[in-house]
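Below is one structure; the comments refer to it alone.
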Protein chains: 2
Amino acid sequence: MPESLAGARPTLEAVAARAGVSRATASRVVNGGAGVRPPLVEKVTRAVEELGYVPNHAARTLVTRRTGAVAVIIAEPEIRIFSDPFFSQQIRGISKELTAHDTQLVLLLLEGPGDYDRIARYLAGGHVDGALAFSLHTDDPIPAITRRAGIPAVYGGRPNWSEPAEHRTVPYVDADNRGGARAAVRYLEDLGRRRIAHIAGPRDQTSATDRLDGYRDVLPDADPALIAEGAFTAASGERAMAELLERCPDLDAVFAANDLMASGALRVLKERGRAVPGDVALVGFDDMDAIAEGTDPPLTTVRQDIEGQGRLMARLLLRGLDHERAGAPAPDPVITATTLVRRASA
Amino acid sequence: MPESLAGARPTLEAVAARAGVSRATASRVVNGGAGVRPPLVEKVTRAVEELGYVPNHAARTLVTRRTGAVAVIIAEPEIRIFSDPFFSQQIRGISKELTAHDTQLVLLLLEGPGDYDRIARYLAGGHVDGALAFSLHTDDPIPAITRRAGIPAVYGGRPNWSEPAEHRTVPYVDADNRGGARAAVRYLEDLGRRRIAHIAGPRDQTSATDRLDGYRDVLPDADPALIAEGAFTAASGERAMAELLERCPDLDAVFAANDLMASGALRVLKERGRAVPGDVALVGFDDMDAIAEGTDPPLTTVRQDIEGQGRLMARLLLRGLDHERAGAPAPDPVITATTLVRRASA
DNA sequence: ATGAAAGCGCTAACAC
DNA sequence: GTGTTAGCGCTTTCAT
């Protein structure tokens with residue numbers, strides 16, 4: 001490994017000089033060497049190594065108008081992001097895909113509502129080529145900001161627009177929440193269960209409402225008392241289960257909109273002496289192994305490939321960057337498959 | 001808000017023209033406007049707004065040699081980073097401090113050991129002004145990489161060198177683990193407990209060994225059977241507690257090296273019919289509110305300001321960046337205070 | 001296939 | 001105070 005001569009990083013000029021070629025040729029070699037004769041390629045390559053040359057990123061960006069970086073925007077209400085394995089897996093996926101394409105991940109945490117300005121300025125400043133964001137709120141300002149900044153963006157989770165017409169406007173990656181929910185409820189039905197309750201997630205998240213819709217697809221005439229709303233947390237799952245038990249003591253199955261709530265429900269069920277799955281069959285959603293495999297009994301749940309979704313988001317964005325000049329239309333939403341994982345709780 | 005004329009972002013040149021001044025003056029105004037007469041400042045400011053001008057980052061970096069970005073490096077074994085509230089809080093703190101100084105956070109996730117090369121190239125490429133990294137492993141290559149890249153770095157947690165002499169080489173921020181542990185054990189002593197056990201963390205993390213050292217400071221002659229080793233997880237806390245109970249049924253207090261292990265220990269204690277704190281007093285470490293406040297009884301624990309540590313890391317780095325040209329020496333390590341928080345478990 | 005030269009958008013001496 | 005000018009390091013026509 002070459003010694004770095006503290007301070008004075010070698011420039012392309014230096015490489016060219018050392019290799020006895022022009023800067024242009026040196027540049028060509030550094031960028032793949034297409035159309036340069038092998039002996040020269042060899043010479044330049046050696047010079048690069050000897051000098052420990054690393055291209056200056058700013059200079060390159062200035063002329064190419066490509067930064068090789070992508071922003072990942074995380075809204076403040078998503079503070080839980082880092083504690084929620086869901087997001088961490090998604091970020092892993094994104095990171096892997098970006099890395100594979102030599103693209104950097106710039107993390108933009110919104111500390112508060114006033115931060116949208118800062119983000120807007122940043123995005124407009126040409127720091128990044130594109131942006132990735134998660135679970136937009138109702139009429140979230142982010143899409144408008146990226147549009148104004150003129151950079152492409154891909155979203156994780158179906159945006160929650162108040163205008164349904166806007167849905168097609170932005171590209172997003174989402175799991176087949178509705179289909180997964182349908183599969184879960186049908187499975188419970190096939191088990192012979194007749195009083196199937198649902199612990200739904202918060203009404204303002206599409207993943208929650210889609211799962212609720214899936215439940216209703218299968219059980220259009222379900223007793224409304226069989227539906228309780230939670231907040232995707234274990235504690236809220238406990239509360240919802242208690243409610244449900246009170247309202248419908250005769251229930252014989254529960255489909256919870258995520259594993260965390262299912263784990264809470266399980267705790268309450270056991271406390272009240274209901275055997276799982278004997279008396280009450282229980283199905284979750286997400287298949288977060290840290291949760292679903294750790295409960296007693298382990299959770300039957302709907303699995304989605306979260307890391308894969310993250311990778312897909314990044315891939316979609318990168319593809320968009322490549323086609324950008326072609327003025328390609330925003331890619332269609334991508335819905336990833338879900339599968340039912342049978343364990344012991346149902 | 002000005003319409004963006006898709007594609008053609010206005011340059012400083014355009015601003016200057018519109019304001020009827022030279023590019024230099026426009027630049028001065030954009031950068032604070034020191035030494036420019038108010039009327040001109042006003043004119044330029046208006047032009048900036050009307051045009052929706054945002055400085056081109058690459059151009060600026062090219063001449064100033066400052067990127068306004070800092071890398072946060074997260075090693076692969078730290079995959080748990082995102083699920084561990086410890087790291088998430090630290091990152092929050094870092095993000096806040098960086099944002100306050102108009103500096104961006106570039107996230108570098110190491111996907112595997114081979115990734116060190118990629119990181120090294122990135123850091124050498126002048127993408128960032130400095131780097132932040134966490135809990136270095138024994139003889140971690142990161143410090144060498146940043147040194148070779150010629151960029152300053154600050155670490156979170158005392159590095160685990162095999163050469164003690166190296167300790168002073170790198171600046172780091174760490175909690176007063178040893179002092180906090182001492183306080184916890186003394187508190188237990190003051191409660192009148194005489195058989196105080198310790199559930200230690202993994203031997204290869206300085207935070208764990210420092211806490212063990214603190215325990216030993218107070219109890220130099222403690223029965224070795226009173227010490228069990230866990231892995232900072234709840235499950236390992238359960239295992240360690242079971243061990244301890246078997247070896248020393250007469251123990252009357254436990255100091256666990258973190259809250260997660262304390263919560264596991266608590267579970268086992270209750271299972272075996274030991275009243276907490278009646279029969280066995282229990283103290284944790286970290287004060288992760290999601291855990292410590294949620295147990296029954298709530299955990300007495302040693303609190304450290306994790307977000308503050310993150311902020312401190314960023315501040316130290318930024319300060320280093322400012323003094324860089326002055327060839328200032330690496331700042332000394334900073335040890336942040338810990339405080340005992342009394343709840344009900346001891 | 002290679003080189004010469006222009007210029008990306010900005011800041012910082014240096015003159016005035 | 002303000003304008004003029006010279007690059008920062010690189011890619012990319014355009015000649016050759």
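Given the structure is predicted, the values throughout are model-derived calculations rather than measurements. Order of the sequence lines fixes the chain letters, A, B, ..., with proteins taken first and strands second; residue numbering starts at 1 for each chain.
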_One character per nucleotide, please: for nucleotides 3-13 of chain D, 5' to 3', B when the base has a protein heavy atom closer than 4.0 Å, S when only the sugar-phosphate does, - otherwise._
BBBB-BBBBBB
*asked:* Tell me whether E111(B) is salt-bridged to R92(A), with the criterion being a basic N under 4.0 Å from an acidic carboxylate O.
replied: yes
*Do the side chain of D305(A) and the main chain of G308(A) share a donor and acceptor less than 3.5 angstrom apart?*
yes
*Are the side chain of T25(B) and the backbone N or O of V21(B) linked by a donor-acceptor pair below 3.5 Å?*
no
_Given 3.5 Å as the limit, does a donor-acceptor pair link the side chain of D129(B) with the main chain of R66(B), or not?_
no
*Bend angle of the helix from dA1(C)-dT16(D) to dC16(C)-dG1(D), end axes from five pairs each (to 10°)*: 40°
*Any sub-3.5 Å donor-acceptor pair from D174(A)'s side-chain atoms to R158(A)'s backbone N or O?*
yes
*Between E97(B) and R315(B), is there a salt bridge with N-O shorter than 4.0 Å?*
yes
*Look at the side chain of T103(A) and the backbone N and O of H101(A), then say whether any donor-acceptor pair between them is shorter than 3.5 Å.*
yes
